[in-house]
*Asks:* 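Before I ask anything, let me first share the structure, which is written out below as structure tokens.
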Amino acid sequence: MNWNGPLLKMNDFRFEIPSNYQGVQNNLHMKTSGVIYATNGMIKSIRMDYAPEQVANVTMLPGIVGKSLAMPDIHWGYGFPIGGVAAMDEENGVISPGGVGYDINCGVRLLRTNLHFTDLDSQKIQHLVDEMFINVPSGLGSKAKVHLNRKQLDDVLKLGAKWAIENGYGWKEDPEYIEEHGCLDYADISKVSNEAKQRGAPQLGSLGAGNHFLEIQKVDEIYDESAAKAFGIQNIGQIMVMIHTGSRGFGHQVCTDHLRVLGQAVKKYNIWLPDRQLACAPVTSKEGQDYLKAMACAANFAWCNRQMIVHWVRESFGKILHQCAEDLDMGIVYDVCHNIAKLEEHEIEGKKKKVYVHRKGATRSFGPDKQEVPLRYRDVGQPVLIPGDMGTESYLLRGTKESEETFGSTCHGAGRVMSRTQAVHRYRGEQIINQLKQKGIYAHPASWKVMAEEAPDAYKNVSEVVNVTHGAGISSKVVKLLPLGVVKG
DNA sequence: ATGTTC
């Protein structure tokens with residue numbers, strides 16, 4: 001099914017769905033226009049999965065501020081497109097789980113090391129990957145080594161990454177380099193179901209499946225030397241570790257639970273929607289606030305999860321290289337989430353205003369001088385982490401002042417072009433492993449099926465995606481990273 | 001993404 005609505009070229013990197021578009025059923029009344037960040041060459045595949053209709057649908061939500069936006073890695077999602085960004089008014093707006101996604105606070109964390117590519121031969125890489133595979137439980141339904149009681153889980157949900165550090169999983173300075181310091185303090189455990197807690201408790205400290213991964217990477221190219229230096233990157237060949245995971249079954253259950261409640265709220269508050277999947281509630285309503293407080297619990301779960309994984313990564317490097325992580329300088333460059341909604345202050349038409357920014361498959365990209373950016377990076381902007389698909393390049397970018405046009409947001413990754421089912425039919429896991437091997441990448445998968453689902457050809461080219469956001473000015477390239485070894489969920 | 005089918 002191809003989307004045939006209007007996508008008017010504004011310039012090299014922006015296409016508009018004008019607000020007079022009436023929709024497939026000829027009854028849409030857009031409150032504002034939609035903008036998709038893309039190049040000419042990307043438009044064909046963007047039309048293919050119908051996601052632009054979802055960009056138009058989002059413009060019809062009550063209290064939307066500015067435009068309905070989509071990043072170049074846009075594809076079809078539940079209600080909102082993946083790659084979608086929408087800001088809602090602090091008083092008259094709505095909050096929607098579809099604008100966040102099922103994997104609440106899915107995100108990326110980057111660790112640096114003082115190792116150089118030439119310090120590690122292929123056997124060492126293999127040992128490191130195998131050791132991390134042992135220490136970080138991976139795969140669908142993977143369970144953690146740590147068993148939390150109910151009180152401990154409640155503390156995790158309230159404290160996020162801070163809980164992990166207080167319990168020995170990390171360094172004192174780690175939270176400084178995590179978005180929101182790894183904790184949303186309005187998290188309220190009474191808004192989370194027992195079922196979510198039951199699912200979540202055994203999964204804290206596990207990687208999961210799908211496109212989640214743990215990668216040993218090397219710096220391949222430096223585009224912005226002063227920003228790279230600020231982020232602790234000195235030279236080409238420097239070894240880095242990237243972690244991509246989220247809130248596991250816990251966030252999934254929080255989303256499911258609150259979608260049910262907000263489906264009812266739509267009727268109660270008499271909200272007209274073009275698509276039931278856009279279920280939402282006024283931000284000021286009990287239902288809306290309850291979702292925000294539960295979402296914060298899931299966000300904290302994910303930050304704690306990534307923190308524990310970092311600890312085991314440091315331990316694994318220490319063990320295999322017979323050196324402690326401190327001596328290897330394995331500090332956190334940054335941790336960003338790409339599935340979340342938060343109240344933030346932005347400059348809108350020259351005035352500062354607080355809005356609820358939904359980012360679904362979109363990354364925060366705050367520019368220099370914003371107080372949310374760590375002091376150490378304040379002059380260059382926030383580090384932005386963009387994972388590629390398995391076996392391809394990833395990027396470290398910096399946020400820009402120009403990203404105010406997207407409420408401080410940019411893309412989040414490559415974005416699928418082929419469904420999981422299609423990919424499983426077309427590829428075999430063993431064949432993908434061999435392909436990677438030929439490129440000098442060692443992969444340790446938890447499942448052959450996921451390996452096939454995540455075949456590089458099932459994804460858009462991440463470099464094209466990043467070049468659009470760089471060209472449009474909403475984030476700026478700092479470093480390109482290439483994988484050497486990968487633990488795949 | 002996900003105890004891949006509430």
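Excluded from the calculations below are hydrogen atoms, water molecules and symmetry mates; all remaining heavy atoms, backbone and side chain alike, are included. Note on naming: letters A, B, ... go to the chains in the order of the sequence lines (proteins, then strands), and numbering restarts at 1 for each one.
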*Asks:* For a quick test of your reading: what N or O donor-acceptor pairs under 3.5 Å do the side chains of residues 133-141 of chain A make, sequence neighbours left out?
*Replies:*
from: Asn135(A); atom 1: ND2; to: Glu131(A); atom 2: O; distance (Å): 3.2
from: Asn135(A); atom 1: ND2; to: Glu131(A); atom 2: OE2; distance (Å): 3.1
from: Asn135(A); atom 1: ND2; to: Ser316(A); atom 2: OG; distance (Å): 2.8
from: Ser138(A); atom 1: OG; to: Val136(A); atom 2: O; distance (Å): 2.8

*Asks:* Rounded to whole angstroms, how far apart are CZ on Arg416(A) and C1' on dT2(B)?
*Replies:* 14 Å

*Asks:* For side-chain contact (heavy atoms from CB on, under 4.5 Å), just list the numbers for Leu214(A) and Ile309(A), CA-CA rounded to whole Å, side-chain angles, deciding distance to a tenth of an Å, and then say yes or no.
*Replies:* CA-CA 9 Å; Leu214(A) 220 162; Ile309(A) 292 172; 4.2 Å; yes

*Asks:* If the condition is side-chain hydrogen bond (donor to acceptor under 3.5 Å, both in side chains), which residues does Asn194(A) pass it with, not counting sequence neighbours?
*Replies:* Arg150(A)

*Asks:* The criterion is ring pair (Phe, Tyr, Trp, His ring centres under 6.0 Å); which residues satisfy it with His412(A), sequence neighbours excluded?
*Replies:* His338(A)

*Asks:* How is Gly210(A) classified with respect to the nucleic acid when contacts are heavy atoms under 4.0 Å: base, sugar-phosphate, or nothing?
*Replies:* sugar-phosphate

*Asks:* Under 3.5 Å, side-chain donor or acceptor atoms of residues 263-274 of chain A against the rest of the protein: list the pairs with distances, not counting sequence neighbours.
*Replies:*
from: Lys268(A); atom 1: NZ; to: Glu287(A); atom 2: OE2; distance (Å): 2.9
from: Tyr269(A); atom 1: OH; to: Glu287(A); atom 2: OE1; distance (Å): 2.6

*Asks:* Quickly work out the Ile104(A) CD1 to dT2(B) P distance and round it to whole Å.
*Replies:* 13 Å

*Asks:* Under the side-chain hydrogen bond (donor to acceptor under 3.5 Å, both in side chains) test, which residues partner Ser190(A), sequence neighbours left out?
*Replies:* Asp188(A)

*Asks:* For DNA chain B, what string of dots and brackets results from 5' to 3' when Watson-Crick and G-U pairs need both distances under 3.5 Å, crossing pairs get [ ], and pairs with another strand get |?
*Replies:* ......

*Asks:* May I have the list of side-chain donor-acceptor pairs in residues 200-210 of chain A shorter than 3.5 Å, sequence neighbours left out?
*Replies:*
from: Gln203(A); atom 1: OE1; to: Gly249(A); atom 2: N; distance (Å): 2.8
from: Ser206(A); atom 1: OG; to: Gln203(A); atom 2: O; distance (Å): 2.6
from: Ser206(A); atom 1: OG; to: Arg248(A); atom 2: NE; distance (Å): 2.8

*Asks:* Taking only N/O atoms, report every protein-nucleotides 3-5 of chain B pair under 3.5 Å with atom names and distance.
*Replies:*
from: dG3(B); atom 1: OP1; to: Arg199(A); atom 2: NH2; distance (Å): 2.2
from: dG3(B); atom 1: OP2; to: Gln203(A); atom 2: NE2; distance (Å): 2.7
from: dG3(B); atom 1: O6; to: Glu195(A); atom 2: OE2; distance (Å): 3.1
from: dG3(B); atom 1: N1; to: Arg199(A); atom 2: NH1; distance (Å): 3.3
from: dG3(B); atom 1: N2; to: Arg199(A); atom 2: NH1; distance (Å): 2.7
from: dG3(B); atom 1: N2; to: Arg199(A); atom 2: NH2; distance (Å): 3.4

*Asks:* Hey, can you pull the donor-acceptor pairs under 3.5 Å for the side chains in residues 422-431 of chain A, sequence neighbours left out?
*Replies:*
from: Gln422(A); atom 1: OE1; to: Ser419(A); atom 2: N; distance (Å): 2.9
from: Gln422(A); atom 1: OE1; to: Ser419(A); atom 2: OG; distance (Å): 3.4
from: Gln431(A); atom 1: OE1; to: Arg428(A); atom 2: N; distance (Å): 3.0

*Asks:* Using whole Å, report how far CZ of Arg276(A) lies from C1' of dC6(B).
*Replies:* 13 Å

*Asks:* Rounded to whole angstrom units, what separation is found between the OH atom of Tyr102(A) and the P atom of dC6(B)?
*Replies:* 10 Å

